[in-house]
Structure formats: structure tokens, C-alpha cells
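Computation of the quantities below employed the complete heavy-atom set of this structure, encompassing side-chain atoms and omitting hydrogens, waters and symmetry-equivalent molecules.
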Amino acid sequence: MTNETSLPAEDGTFLVAALYHFVSAPHFADLREPLQALCEDNGVRGTLLLAHEGINGTIAGPHAGIRTVLGYLRNQPEFAGLEHKESFAADMPFLRMKVRLKKEIVTMGVEDIDPTRSVGTYVAPEDWNALISDPDTIVIDTRNDYETAIGMFKGAVDPNTKTFREFPDWVRNNTGLHNKPKIAMYCTGGIRCEKATAFMKEEGFDEVYHLKGGILKYLEEVPAEDSLWEGACFVFDERVSVLHGLEEGEHKLCRACRHPLTAEDVTSPLYEAGVSCPHCHATRSEDDRLRFRQRQKQMDLAKKRGERHLGK
């Protein structure tokens, strides 16, 4: 049931806040229930991950609700220095609110990687172009293949990883990364690069840099005419992708595999809304497709009733 706190601002937009903070948080589990309740009471939805190493997540809601949640977090001693990035959405981009306890706030799977102890050098968005245009620099996209498929920085190396857990092995198997003195790394909002650059330092790379605030901050601050970004940036919510100025992109999401879809993908004979797309059709059984069709039918019925079907 919709209440006043779940409504957008007067201009019709919802405020989206992407945040993370690496810090020792031994009592992180104690925050889950009060944080969940606070978000729900203020009409805020999204996902927040809590772990011994800090917090990570993206939330959206009415502007006042987001400010309340951020204020609560910054009142916790360990999160006093929390920074966040803002964007806006015409529609609520999340279906529900989830506060989860995790082993890591971003899962790399390598023991003793601590960004609070050793990390790469931050590079501001306005200085990023010069760094990645330097012939002595190797530029690495630390995101996964479904993200890089719709956009990357010009000249960047794509590891083609399925998950972030594959990244350490990719680095260790690519001895050519030592051929140039500088390594420049980037990701969506900056969090993966905190661990990725810390890992690179542990592996013996000396000059390691990462884009402060990630792609999102670059797209917010660097004018399109000066940009070295090509394509769109995948985001983990119902907007699917954003462009320069953090305007919503035109990509759709395959509900079967969560892969972003271009206009060309949607016209493919392998695409069926909620059931399959060119990226996953060959990997799904007929039983899968039948199950997905039933789910899509329930979503369509809910939409006709003016409701949002939450799925599984």
C-alpha cells in the first residue's frame, strides 16, 4: 500500500543514492534490523550490504527519506565519513528494500585484501582523460562482461569476467600487464576498484590508479563533448543504464538472465519478454521458459491492476 513517504518529490523524481565505505565494523550485524525498519518507514527501497569491512549499496526514495537514512548512517561512528553519489529516477527503480549481512561488501574471494591498509591512487574525473591517454598506461575495466557489453572507456582492456571472483586469476594469468608502468582501473561507482587496486598492490604493481567515484561520477562531471566514455553505463536497478549527465539510457533488462538489452536485442526472434533473449536463449530449457512465461503472466496481470509484481 502506497503511503506519503513512498511518493516522489514534487518534481516527480526519486533520489537515488549509491554508497560504500570500507571501515572496520565489528558490530555490523546490530545495524540490520533498525536500518531495515528506518528505510521502510521512509519509503526507501534498494539493497544495502553490511559486513565486518563496511557498507555498500544503492537506495532510492523520496528526497527527505534518503536524507534521513544517510543521516542515520553517518551518526554511526564507523560510518561518519560515508560519501555517496546522487542521481535521479523518473520511477522508483527498486521493488523492495533489503538489508543483508555478508562476508564481504564486494566479493572478490581473496583473503586479507584490505583497502583501508593499501589502495591505489585516486584520480579525479577531470584528470582521468589525461591518465588513460598516456601511452605508458594500461586501462582495465574491472566490471563483468554483461556490464562492459554496453559501454567502456576508449582503449580499455576488458577481462571478460563473469564475476568479480574471476578477476584475481585473470590478473595472475596476464603477465603482459607488467609491460607498462601505470595501471588505471575503473568500475561503476568505485567500490570494486578499492579491492582491485589493493589486490594489484599486493601482486607487486607499483603505479596503480583508479577513477574516484567511478564511471557514475565521470558521467556526472565530464561534459559529453570532452568524454572518452563510449556507450552506456549499466546500473543495478530498474533504470538498467545511464548516460552522460546520469540521464536514463534506453536499455531494457532481460528478466531471465538480467543482461542489458539493446534495441537490436529486443527485435531478435530469440527475445521474448520475461522469458529469454539472445544472450540466454541457448542456455535455457523448455521447462525454464515455461516457468518464466508463468511469472511474466503474473507480472502483466499485476501491471493491469496498477500493482508491481515483486517476482521471487
Is it the case that [X] and [Y] place a side-chain donor and acceptor less than 3.5 Å from each other?
{"X": "Q298", "Y": "Q294", "answer": "no"}
{"X": "E83", "Y": "Y20", "answer": "no"}
{"X": "D288", "Y": "S285", "answer": "yes"}
{"X": "T47", "Y": "R96", "answer": "no"}
{"X": "Y218", "Y": "E126", "answer": "no"}

CA sep, side-chain torsions, deciding dist, call: L35, L48, side chain to side chain contact (heavy atoms under 4.5 Å, CB included): CA-CA 9 Å; L35 188 53; L48 291 173; 3.7 Å; yes

Please answer whether the main-chain N or O of [Y] pairs with a side-chain N or O of [X] as donor and acceptor at a distance below 3.5 Å.
{"X": "N129", "Y": "D226", "result": "yes"}
{"X": "E248", "Y": "V242", "result": "no"}
{"X": "Q76", "Y": "Y72", "result": "yes"}

Working note: L38 + Q36, criterion side chain to side chain contact (heavy atoms under 4.5 Å, CB included); need CA distance, chi angles, decisive distance, verdict. CA-CA 6 Å; L38 182 68; Q36 178 79 39; over 6 Å; no

Under 6.0 Å from the [atom1] atom of [X], do we count more than 12 heavy atoms belonging to anything else shown?
{"X": "D136", "atom1": "CG", "result": "yes"}
{"X": "K180", "atom1": "NZ", "result": "yes"}
{"X": "E247", "atom1": "CD", "result": "no"}

Where do G274 and Q296 come nearest, in terms of heavy atoms and distance?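 It is CA-OE1, 3.1 Å.
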
If you take all heavy atoms of D237 and P93, which pair is closest and at what distance?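 Nearest pair, atom of D237 first, then P93: CB-O, 3.5 Å.
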
[atom2] on [Y] to [atom1] on [X], rounded to 0.5 Å:
{"X": "F164", "Y": "T142", "atom1": "CZ", "atom2": "OG1", "value": "5.5 Å"}
{"X": "R192", "Y": "R143", "atom1": "CZ", "atom2": "CZ", "value": "7.5 Å"}
{"X": "I105", "Y": "I191", "atom1": "CD1", "atom2": "CD1", "value": "4.0 Å"}
{"X": "L253", "Y": "F234", "atom1": "CG", "atom2": "CZ", "value": "6.0 Å"}

Write out all pairs satisfying side chain to side chain donor-acceptor pair (under 3.5 Å) with one or both partners inside residues 152-165, taking only residues at least two apart or from two chains.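 Only N144-T161, D145-K162, T148-D158 qualify under side chain to side chain donor-acceptor pair (under 3.5 Å).
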
Can you tell if the side chain of [X] reaches within under 4.5 Å of the side chain of [Y], non-hydrogen atoms only?
{"X": "L228", "Y": "S133", "answer": "yes"}
{"X": "S268", "Y": "C277", "answer": "no"}
{"X": "L19", "Y": "N56", "answer": "no"}
{"X": "I59", "Y": "V16", "answer": "no"}
{"X": "K252", "Y": "V240", "answer": "no"}
{"X": "V139", "Y": "V157", "answer": "no"}
{"X": "R289", "Y": "H281", "answer": "yes"}
{"X": "V235", "Y": "L216", "answer": "yes"}

Under the ring pair (Phe, Tyr, Trp, His ring centres under 6.0 Å) rule, what pairs show up with a residue in [range], not counting sequence neighbours?
{"range": "residues 241-263", "result": "H259-H279"}
{"range": "residues 36-58", "result": "none"}
{"range": "residues 181-205", "result": "F153-Y186, H178-F205"}

Apply side-chain hydrogen bond (donor to acceptor under 3.5 Å, both in side chains) to K182 and list each qualifying residue two or more places apart in sequence or on a separate chain.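 So K182 forms a side-chain hydrogen bond (donor to acceptor under 3.5 Å, both in side chains) with D134.
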
By side-chain hydrogen bond (donor to acceptor under 3.5 Å, both in side chains), which residues pair with S276, not counting sequence neighbours?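 side-chain hydrogen bond (donor to acceptor under 3.5 Å, both in side chains) list for S276, sorted by chain: empty.
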
[X]: salt bridge (charged side-chain N to carboxylate O under 4.0 Å, His left out) partners, not counting sequence neighbours:
{"X": "D30", "answer": "none"}
{"X": "E220", "answer": "K217"}
{"X": "E203", "answer": "R172"}

Do any pairs count as a salt bridge (charged side-chain N to carboxylate O under 4.0 Å, His left out) and have a residue in residues 13-29, sequence neighbours left out, and if so which ones?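 Every candidate salt bridge (charged side-chain N to carboxylate O under 4.0 Å, His left out) pair involving residues 13-29 fails, so no pair, neighbours aside, qualifies.
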
Could you note down all residue pairs passing salt bridge (charged side-chain N to carboxylate O under 4.0 Å, His left out) where residues 57-81 supplies at least one of them, sequence neighbours left out?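 Only R67-E86 qualify under salt bridge (charged side-chain N to carboxylate O under 4.0 Å, His left out).
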
N/O donor to acceptor pairs below 3.5 angstrom from side-chain atoms of residues 106-116, sequence neighbours left out:
unit_1: D114; atom_1: OD1; unit_2: T116; atom_2: N; d: 3.0
unit_1: D114; atom_1: OD1; unit_2: T116; atom_2: OG1; d: 2.5
unit_1: D114; atom_1: OD2; unit_2: T116; atom_2: OG1; d: 3.0

Can R293 and E272 be counted as an ion pair, charged N to O under 4.0 angstrom?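 Between E272 and R293 there is a salt bridge, with a charged N closer than 4.0 Å to a carboxylate O.
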
Residues K102 and E53 bridged, charged N to O under 4.0 Å: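 Salt bridge flag = no for E53 with K102.
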
Set out, in order, the CA-CA distance, both residues' side-chain angles and the distance that settles side chain to side chain contact (heavy atoms under 4.5 Å, CB included) for W128 and H210, then state yes or no. CA-CA 9 Å; W128 182 248; H210 52 140; 5.7 Å; no

